[in-house]
Amino acid sequence: MADDSRGGRRRRGVQGGRRRKPRTRGRGWRIAAWTGAGVVLVGGAGAGFLWYKFNGNLHAVDIDAALGKDRPADVDNGSLDILVLGSDSRAGANSKYGADEGARSDTAMIIHVYAEGKKASVVSIPRDTLVPRPECPTPDGRTSPAVQRAMFNEAYSVGGAACAVKTVEAMTKIRMDHYMEVDFAGFQKLIDKLGGVEVTTTKPIRDKWSHLNLEPGTHTLDGEQSLGLVRTRHGVGDGGDLGRIKLQQAFIKALLDQVKHVGLLSSPSKLYGLADTATKSITTDKGLGSVDKLHGLANRLKGIGSSDMHMVTLPTTADAKDPNRLAPLPAADEVWKALNADRPIPDSALKGSAGSKTGADGVVK
């Protein structure tokens, strides 16, 4: 996405923004991006065959080619916007989690890294939110017509990564610099390679659908339990998507905090296994489709810890025509305008949102 040939367009993404001195707390972000351990290993070991191996693991999608020029302007303020999706494809190793055909974006987050490089805002988009879906290219070379009322996660089902990005850009008026996707099986393996993640629950969480049964207290969750936690809908709150998002946000912060204490750099074998798993688990845009580009992204993010992340949910309310679905509140525009201007999200934009009344706050800390 950063390209010197584009008539003076600024260098964003991996090479954009300011370069800053390394800070040790940044290890967590490298794992959150599902990539950093691998690129650290490659750079530190200096072994060419590892570079080729991990490059061969990666899968990249050419978002620019798929969408062409029909995208928001690339605002030159030094910030960075990344769409991160968790895919619920039931293919292959993911089949144990359900029998649905196809794939949907089970989890969606927009990560905005501020130009000064020390903080980030993360906006979760509920998958049941009804949004206008623009005309999208499909994997078979056809075009899916625009729809005025479509569930957000259907964009991925219709046109994969390109349609998900186009839908987000149409909704936010913000150009996504990068795209990252991880599937269920890859997420579970990654957590197991890390040795689990420690979380503290304040209430019991029981959900037969996600195979989760946790009493209040501190737990070290393995990969399957972690996957159950971030996917549970029925174990907390009102059983909807908003309660699950609260758990996802709490888990990500716990993951970031834990990685700082794992000691990856002192265990080359563990680092290798983690790097191999991470690079096999993700799909990226072409701008991140190699380990050296991922290394650049990791370096940019490494100064951001869990306490530097402002995690919110898109302001929504029950849809007027379908109470089982959500509709963005007008205040959602305040969120996108703030990010597009590289400003903090105002608290006023989040008041009155259905996401603030889930009953899931504080269940995991």
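Just so you know, residue 1 is the first one in the sequence shown, and it goes up from there.
Panel note: side chain E116, backbone K119; a donor-acceptor pair is recorded below 3.5 Å. The backbone N or O of I252 lies less than 3.5 Å from no partner atom in the side chain of S306, so there is not a single donor-acceptor pair. Between the side chain of S353 and the backbone N or O of T316, at least one donor-acceptor pair lies under 3.5 Å. With hydrogens and angles ignored, the 3.5 Å screen pairs no side-chain donor or acceptor of T232 with any backbone N or O of L229. Panel note: side chain Q225, backbone D222; a donor-acceptor pair is recorded below 3.5 Å. Side chain of K203 to main chain of V364: no donor-acceptor pair is present (N/O by atom type, distance under 3.5 Å, no hydrogens or angles). Proximity of a side-chain donor or acceptor of K166 to a complementary backbone N or O of E135 within less than 3.5 Å is detected. Judged purely by atom type and a 3.5 angstrom limit, S144 has no side-chain atom pairing as donor or acceptor with the backbone of V158. For the pair N213 (side chain) and R206 (backbone), a donor-acceptor distance under 3.5 Å is absent. Side chain of D257 to backbone of A254: no donor-acceptor contact under 3.5 angstrom is found.
Rounding to the nearest 0.5 Å gives a distance of 12.5 Å between NZ of K280 and CG of L190. Taken to the nearest 0.5 Å, the CD atom of Q148 stands 11.5 Å off from the CG atom of L130. How far CD of E198 is from NE2 of H219: 10.0 Å, rounded to the nearest 0.5 Å. Here L227 contributes atom CG and E224 contributes atom CD; the two are 7.5 Å apart, rounded to the nearest 0.5 Å. Rounded to the nearest 0.5 Å, atoms CG (D285) and CG (D62) are 8.5 Å apart. The CD1 atom of I282 sits 12.0 Å away from the OG1 atom of T277 when rounded to the nearest 0.5 Å.
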*Which is it for Y179 and V84 under the side-chain contact (heavy atoms from CB on, under 4.5 Å) test, yes or no, and what are the steps along the way?*
CA-CA 6 Å; Y179 170 85; V84 178; over 6 Å; no
_CA sep, side-chain torsions, deciding dist, call: L339, D342, side-chain contact (heavy atoms from CB on, under 4.5 Å)_ = CA-CA 5 Å; L339 297 187; D342 200 39; over 6 Å; no
_Working note: D347 + K351, criterion salt bridge (charged side-chain N to carboxylate O under 4.0 Å, His left out); need CA distance, chi angles, decisive distance, verdict._
CA-CA 7 Å; D347 291 339; K351 291 181 179 179; over 6 Å; no
*Assess whether salt bridge (charged side-chain N to carboxylate O under 4.0 Å, His left out) is satisfied between R231 and D207, documenting all intermediate values.*
CA-CA 10 Å; R231 295 201 63 234; D207 184 355; over 6 Å; no
*Stepwise side-chain contact (heavy atoms from CB on, under 4.5 Å) test for T167 and V131*: CA-CA 8 Å; T167 300; V131 299; 4.0 Å; yes
*When you look at T200 and T218, which way does the side-chain hydrogen bond (donor to acceptor under 3.5 Å, both in side chains) test go after all the steps?*
CA-CA 4 Å; T200 298; T218 299; 3.0 Å; yes
*asked:* The test is salt bridge (charged side-chain N to carboxylate O under 4.0 Å, His left out); show your working for K321 and D319 and say whether it passes.
replied: CA-CA 6 Å; K321 296 180 179 179; D319 182 71; over 6 Å; no
_Determine whether R133 and F152 satisfy the following criterion, side-chain contact (heavy atoms from CB on, under 4.5 Å), listing intermediate values before the conclusion._
CA-CA 8 Å; R133 175 172 57 75; F152 173 78; over 6 Å; no
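For Y114 against S121, the heavy-atom pair with the smallest separation is OH-OG, 2.8 Å. Of all the heavy atoms in A150 and E154, the pair that sits closest is CB-OE1, 4.0 Å. When all heavy atoms of K293 and G289 are compared, the pair lying nearest together is CD-N, 4.4 Å. Contact record, G186 with S281: CA-OG, 3.2 Å, taken as the closest heavy-atom pair. The nearest pair of heavy atoms linking P126 to L242 is CG-CD2, 3.6 Å. Nearest approach of A349 to A331, heavy atoms of both residues: O-CB, 3.3 Å.
Ion pairing between R149 and D322 fails under the 4.0 Å rule for side-chain N and carboxylate O. Residues K193 and D276 are not paired through a salt bridge, judged by the lack of any N-O separation under 4.0 Å between the basic side chain and the carboxylate. The pair R175-D76 fails the salt-bridge criterion, with no side-chain N (NZ, NE, NH1 or NH2) lying under 4.0 Å from an Asp/Glu carboxylate O. Salt bridge status for K337 with D333: absent, with no side-chain N to carboxylate O gap under 4.0 Å.
Under the 4.5 Å side-chain heavy-atom criterion for ILVMFWY residues, a single connected hydrophobic cluster contains both L214 and F251. By the criterion of side-chain heavy atoms lying less than 4.5 angstrom apart, applied directly or through intervening Ile, Leu, Val, Met, Phe, Trp or Tyr residues, V197 is not grouped with I245; the two fall into different hydrophobic clusters. Residue L329 is not grouped with residue I110 when hydrophobic side chains (ILVMFWY) are merged at heavy-atom distances under 4.5 angstrom, including chains of intermediate members. Linking Ile, Leu, Val, Met, Phe, Trp and Tyr residues whenever their side-chain heavy atoms come within less than 4.5 Å places V61 and L83 in a single cluster.
Residues N324 and D128 have side chains not in contact (no heavy-atom distance under 4.5 Å, counting atoms from C-beta outward). Proximity of L58 to L294: side-chain heavy atoms (C-beta onward) are separated by under 4.5 Å at one or more points. Contact annotation: the side chain of L221 never approaches that of I191 to less than 4.5 Å [non-hydrogen atoms, C-beta and beyond]. Annotation: side chain of I63 is not in contact with side chain of M176 (no heavy-atom distance under 4.5 Å). Contact of the W336 side chain with the V123 side chain is registered, since non-hydrogen atoms from C-beta on lie closer than 4.5 Å. Side-chain contact between R244 and R127 is present, with heavy atoms from C-beta onward closer than 4.5 Å. Proximity of L288 to M180: side-chain heavy atoms (C-beta onward) are separated by under 4.5 Å at one or more points. Using a 4.5 Å cut-off on side-chain heavy atoms (C-beta onward), S226 and F187 make contact.
Evaluation of the salt bridge (Lys or Arg N to Asp or Glu O under 4.0 Å) rule for R343 yields no partner, not counting sequence neighbours.
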